[in-house]
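When a residue number appears, it is its place in the shown sequence, counting from 1. Note that the structure is predicted; figures quoted are calculated from it, not measured.
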Amino acid sequence: MKSKVMLVGAGALFCLITAYAQQGPAQKPAAAAGGTNTATATINFTAKSANVSDAGTPVKINILRWSTDAERLALVGELDPSLAPAPAARGRGGAAGGGSAPAAAAGRGAGAGSGSAAAGRGARGGAGGRGGRGGGNAAPAKPADPISNLTAAIEKAPTVGYIWTDEVVGYSLKYAYKIPFSDGGERVILVTDRRLGGYTNSWKPTGKAAPTNYDFTVVELRFDAKGVGEGKTSLTTKVVTDEAAKSLVLEDYTDTPVMLAGVKK
């Protein structure tokens with residue numbers, strides 16, 4: 001009886017080993033969808049601060065993954081609603097379905113959304129005899145500030161990496177996107193949810209350019225074909241959209257002072 005049990009057990013073990021050997025290699029988890037921007041491992045950059053009060057401070061950038069198309073366009077759409085993701089990409093719930101909705105951006109602006117809302121209130125006041133509440137003479141709603149909308153959207157966006165300086169706490173990256181150049185170089189756009197040096201004077205610009213007042217920071221890194229790079233920030237220049245790349249970028253990169261020198265991959 002014992003011999004039979006041992007034979008049965010050995011046979012079962014042999015079958016398990018054979019089945020395991022016939023299995024293919026374990027599949028790696030798929031990278032987040034993001035067009036050509038996919039990453040299966042952390043991407044690291046190093047640099048040193050420049051043209052700020054505490055120049056020469058080591059900076060480390062860790063990109064855990066690139067932003068997906070939906071995540072990227074949700075932020076870009078706050079500045080330019082024409083570049084916002086299609087309704088289907090936001091889910092059935094529109095703005096509440098996951099992401100920054102262009103309808104919300106447009107609706108909060110001076111377009112049909114706020115206009116129709118104001119008109120609706122005016123109509124009720126006129127038709128329903130509620131003139132005491134202002135009726136048709138109510139002041140029109142103020143157009144929404146795109147930068148305020150963008151700031152709120154950045155705060156809600158998922159973290160895709162970090163920027164580390166000499167401060168105790170790092171800066172969460174809420175946006176990471178790379179744009180290739182035709183000559184083999186590339187630019188990398190990063191967005192933090194806080195202003196660099198917001199609680200210290202180490203990142204105070206030293207040039208003549210007037211500082212911006214954003215609560216976030218856009219960092220634009222540019223690399224040549226050999227991988228030599230530099231970086232500039234929104235601390236002294238406006239943030240705009242690049243329609244061709246469908247990305248947030250710095251308004252005038254050429255005339256913006258370098259704030260990350262010797263960027264290396």
Side-chain angles (χ1 to χ4, degrees), residues 47-55 57 59 61 67 71-81 83-84 100 102 104-111 114 141-177 187-222 230-243 245 247-261:
K48 289 187 177 182
S49 62
N51 294 308
V52 292
S53 58
D54 193 9
T57 299
V59 177
I61 301 173
S67 298
E71 292 167 347
R72 170 173 53 87
L73 294 177
L75 298 190
V76 174
E78 295 294 357
L79 285 187
D80 186 349
L83 298 177
S100 200
R108 291 193 297 266
S114 60
K142 292 183 179 180
D145 176 18
I147 294 299
S148 296
N149 293 341
L150 176 59
T151 302
I154 290 172
E155 292 176 352
K156 297 177 182 178
T159 296
V160 297
Y162 299 92
I163 293 181
W164 304 96
T165 65
D166 61 347
E167 299 175 59
V168 176
V169 180
Y171 295 82
S172 296
L173 291 178
K174 300 294 187 172
Y175 180 105
Y177 187 60
R187 58 177 170 164
V188 175
I189 313 298
L190 308 172
V191 180
T192 71
D193 60 352
R194 294 189 293 124
R195 184 179 180 85
L196 285 178
Y199 301 102
T200 177
N201 290 324
S202 60
W203 285 88
K204 182 178 180 180
T206 57
K208 296 181 180 180
T212 57
N213 60 354
Y214 300 135
D215 291 330
F216 57 86
T217 305
V218 172
V219 177
E220 184 167 342
L221 307 177
R222 293 199 178 190
E230 65 176 19
K232 302 183 179 184
T233 77
S234 60
L235 295 179
T236 57
T237 191
K238 290 176 61 178
V239 176
V240 295
T241 58
D242 183 322
E243 293 186 3
S247 176
L248 299 171
V249 295
L250 300 180
E251 182 181 45
D252 193 351
Y253 185 90
T254 302
D255 294 333
T256 301
V258 173
M259 290 191 175
L260 290 176

Taking every non-hydrogen atom, the tightest pair across [X] and [Y]:
{"X": "Ala55", "Y": "Ala50", "value": "CB-CA, 4.2 Å"}
{"X": "Val258", "Y": "Leu260", "value": "CG1-O, 3.5 Å"}
{"X": "Val59", "Y": "Ser49", "value": "CG2-N, 4.2 Å"}

Would you compute the distance between atom [atom1] of [X] and atom [atom2] of [Y] and round it to the nearest 0.5 angstrom?
{"X": "Leu190", "Y": "Tyr162", "atom1": "CG", "atom2": "OH", "answer": "14.0 Å"}
{"X": "Glu243", "Y": "Leu83", "atom1": "CD", "atom2": "CG", "answer": "6.0 Å"}
{"X": "Lys48", "Y": "Thr57", "atom1": "NZ", "atom2": "OG1", "answer": "9.5 Å"}
{"X": "Tyr214", "Y": "Ile154", "atom1": "OH", "atom2": "CD1", "answer": "10.0 Å"}
{"X": "Thr233", "Y": "Asn51", "atom1": "OG1", "atom2": "CG", "answer": "10.0 Å"}
{"X": "Thr241", "Y": "Leu73", "atom1": "OG1", "atom2": "CG", "answer": "11.0 Å"}

Side chain to side chain, [X] and [Y], heavy atoms closer than 4.5 Å:
{"X": "Arg195", "Y": "Trp203", "result": "no"}
{"X": "Tyr171", "Y": "Thr165", "result": "yes"}
{"X": "Ser234", "Y": "Leu250", "result": "yes"}
{"X": "Leu173", "Y": "Val219", "result": "no"}
{"X": "Val76", "Y": "Tyr175", "result": "yes"}
{"X": "Glu220", "Y": "Thr237", "result": "no"}
{"X": "Lys204", "Y": "Val52", "result": "no"}
{"X": "Ile147", "Y": "Leu79", "result": "yes"}

- request: Using side-chain contact (heavy atoms from CB on, under 4.5 Å) as the criterion, point out the one residue from Asp193, Thr151, Leu248 that pairs with Phe216.
  value: Thr151
- request: Pick out which of Asp166, Asn201, Thr206 makes a side-chain contact (heavy atoms from CB on, under 4.5 Å) with Asp54.
  value: Asp166
message: Determine whether Met259 and Leu196 satisfy the following criterion, side-chain contact (heavy atoms from CB on, under 4.5 Å), listing intermediate values before the conclusion.
response: CA-CA 11 Å; Met259 290 191 175; Leu196 285 178; over 6 Å; no
field: Audit row: Ile189, Arg72, side-chain contact (heavy atoms from CB on, under 4.5 Å) steps and yes/no
entry: CA-CA 11 Å; Ile189 313 298; Arg72 170 173 53 87; over 6 Å; no
- request: Could you check Ile61 against Leu221 for side-chain contact (heavy atoms from CB on, under 4.5 Å), going step by step and ending with a plain yes or no?
  value: CA-CA 11 Å; Ile61 301 173; Leu221 307 177; 4.1 Å; yes
- prompt: Quick one: does Lys232's side chain have a donor or acceptor within less than 3.5 Å of a partner on Tyr253's backbone?
  reply: yes
query: Is the backbone of Gly170 close enough, under 3.5 Å, to the side chain of Arg194 for a donor and an acceptor to pair up by distance?
result: yes
message: Within the 3.5 Å criterion, strictly below it, is a donor on Lys174 or Thr192 matched to an acceptor on the partner's side chain?
response: no
